[in-house]
Amino acid sequence: MRAPPDARASKPRVPPAPSVAHDSLVVTFAFRCNLACTFCMVEDVLEAPYPGVSLERFEALCRDPTSTLQGLRRVTFSGGEVTTSKLLPDYVRLARSLPEVRHVRIQTNATRLRDRAYLRSLLDAGVDELFVSFHGHDAASTEAITRRPGSFDQILAGMREIRAAGATLITNTALVRQNYQSLAAIVEVVAPLAPASIEMWSFWPRIHEHTREFAVPVAELRGPVIAAMRACLARGIPPVLKWFPRCLVPPDLLPYHDDGQPQMLIEPEFWDREPGYGCLYAGVCEDHHAQRCSGLSHAYVELHGWEQDLLRPRRVEASDRARAGGAGDDFVLRNLVKDGGPKRTHTARVAAWLDAFGLAFGGEVAGWTLVSARRSRFRESLRLELRRSERRAVLQIAAGDPTPKVVVVGDARARREAEPLARALGDALSRCASPPPIP
Amino acid sequence: MQLPLAERAPPRVARAPLERCGADEPLHDYILERYAPPAPPEGKLRALNLFVESLADAGVEREGLRVIDTIREGLGPHRTVFGVKSHTQKGAEPGWELYFYDFERVHADLQIGRVVELLGGLLDVDAVEPWPLPWHMFSVELSPEHLRRERPASVDVYLDMRSYKVRGTSWELENVYTFHDPRQEIDELLHRARSLVHFDHLRWNLAHVLPPDFLAAHRVCVANKRRADAVYASRVPTPALTRFLERHSFPSALSVFARRHAAELDHLLWDVGVDFQGTDGELRFVKAGVYGSF
């Protein structure tokens, strides 16, 4: 089902990239790769390679007037690294033989595309969109991920050839611990190549035991992701953000959040290890009901939790929930909580207090991300923890009259680094005409 | 010739023949509410088989089967919920519980005294109802010791979101609990979770007690017990049951059974629950239970 438009999204200055979820099909083959990325999203598939969709099978599907391929506007080939297959041009030509197909895309690491003649052969066969995985802003960070020396230069060279050939370049960066602090720098590397869009996908944890190594808490990830999206827009390039909680995306960036994915032709057992996604607030969230937001992966939840204090679901009215079929049975609820009346937890009180100053957990202040807030035992102060890249700042807000005072906790270096932040926070607090007491 | 993988799995422990469902098999959750099977039940395994497997694994299959048969003969089929318990305490014996429901109190045959009498030839139950109480359910605990008549069993009585343990003529408050729809009542559920004394919601991962399988359940029950808090999830599918069995140190015979027979258990929904204590700054699971009906 196509998600209805989000009325809360601001009118975008840069047109969003068209969603490929509904008119495209991903066809998989060539489950092998010439790189060895540490967090490969199909690593388990490469370890015990799937045969994939054979050329013969694909040809039969193309010729079958009743197959799922009919009516498609786009065919995407993915593996593995499909450029390792000599048959790729044959697949592409078959896709182009489908009458309504307008675009043929390959998902690739682009290393082989630095060979101009090879790239030309693919374009001549019918490829017009190249979706390139690009995970680091320099050779050191990239090759720590790809585990292949020289791969950064090879990928860049491949992307330059795509640009020179006039084909459509789209990049995709997986959001992982190894690169999340340099997302804006990745944008700066990619932007001169004029990609049609820069996609950022939250880590897709098919092999759960590796999750701890890669999955970044969304409170930490949010700031760098937003900065990278803004960097894209400043360059006139639409970002695409996937599998990141939509309620943590500022309104002006909502048009660039898209959890939609096209259907895929792959071995059925692939889905046995498909990561589950969900959200604690799924039943009351408008974005979940509208299928705009997948929530958090279960592997993330097991590692970092449901983020119940951070997420801010766009709530659906109870009557709408009932219409949506959520409250259809006749189960009689006998609920002591309702009898006891509303009680607000400490976290909720602190969140409400911060909200009075326009601050929120996961929100930004002067480039820092607010991670946590704890009040002192006797409520004389509130300690805020903020993060920027690897730096951590702790600010103490003392109960003051009329305006709370902000001081940096830590040594001289910490104070020097966080002083602009303290000033910005102090300004935010002072803008409130009658600050409520610390909760 | 290589054998199929399933044939290499350990054989089941129980000797009793597997019981199978009929075409119109009524299936009930742990409050004895009927549910629509997610797959056709005919010819597939009854939930009871897991109960029997656990009895056999504990070495009391014969004694347990006599209790099951007596209950079915006395009250009829599809009227009883069973629970299989796993205690993490070192050296703790496995345990079971049988639950008898009558929300409307319309079944004259279902009284504590009547069930105690039914079971009288098989185990000693030491519980006396002082006067007719407005219970909607009562339960009888079982352990290998009870089944071997080495000590008398007690009864738990459930009324108005509370339960009491009855030993002889004494009553003790055991449990206060609430049910929540995890989709429509997430705020109430979160409130209950944040109010638990055995869970530090500011420091510990809520998913440890409310994992994704619980949030996908039909209902979540939060209980406050005398020495622990507990969370239950109702109507979880067999793959979620299997994960639960493996996560909470049930005898491996049970998870092996669930995995080996997964295709023959896909029509069933199960109920699961876990007791936990927050002690010395750590979350410890102290008991877990899985539930079905027969």
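From a predicted model like this one, the values you see are computed outputs, not experimental measurements.
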Using atom types as modelled and distance alone, determine if a side-chain donor or acceptor of A:Trp306 lies under 3.5 Å from a backbone N or O of B:Leu210.
-> yes
Tell me, do B:Leu215 and A:His298 make a side-chain contact under 4.5 Å, heavy atoms counted?
-> no
State whether the number of non-hydrogen atoms from other residues, nucleotides or ligands found under 6.0 Å of B:Glu282 atom CD is greater than 12.
-> no
Taking everything shown except B:Arg227 itself, do over 12 heavy atoms lie less than 6.0 Å from its CZ?
-> no
Proximal component of [X], with respect to chain A [non-hydrogen, under 4.5 Å]:
{"X": "B:Pro212", "value": "both"}
{"X": "B:Leu206", "value": "both"}
{"X": "B:Asp213", "value": "neither"}

What residues form a side-chain hydrogen bond (donor to acceptor under 3.5 Å, both in side chains) with B:Arg235, not counting sequence neighbours?
-> B:Asp29, B:Glu33
What are the two closest non-hydrogen atoms of A:Asp309 and B:Arg194, and how far apart are they?
-> OD1-NH2, 2.5 Å
Smallest heavy-atom separation, B:His201 atom then A:Gln308 atom, equals O-NE2, 4.3 Å
If you round to the nearest 0.5 Å, how far is SG of A:Cys285 from CD1 of B:Ile186?
-> 12.0 Å
Heavy-atom contact with chain B under 4.5 Å, split by part of A:His288 | neither
With sequence neighbours left out, write down each residue that passes ring-ring contact (aromatic ring centres under 6.0 Å, His included) with B:His28, or none if nothing qualifies.
-> none
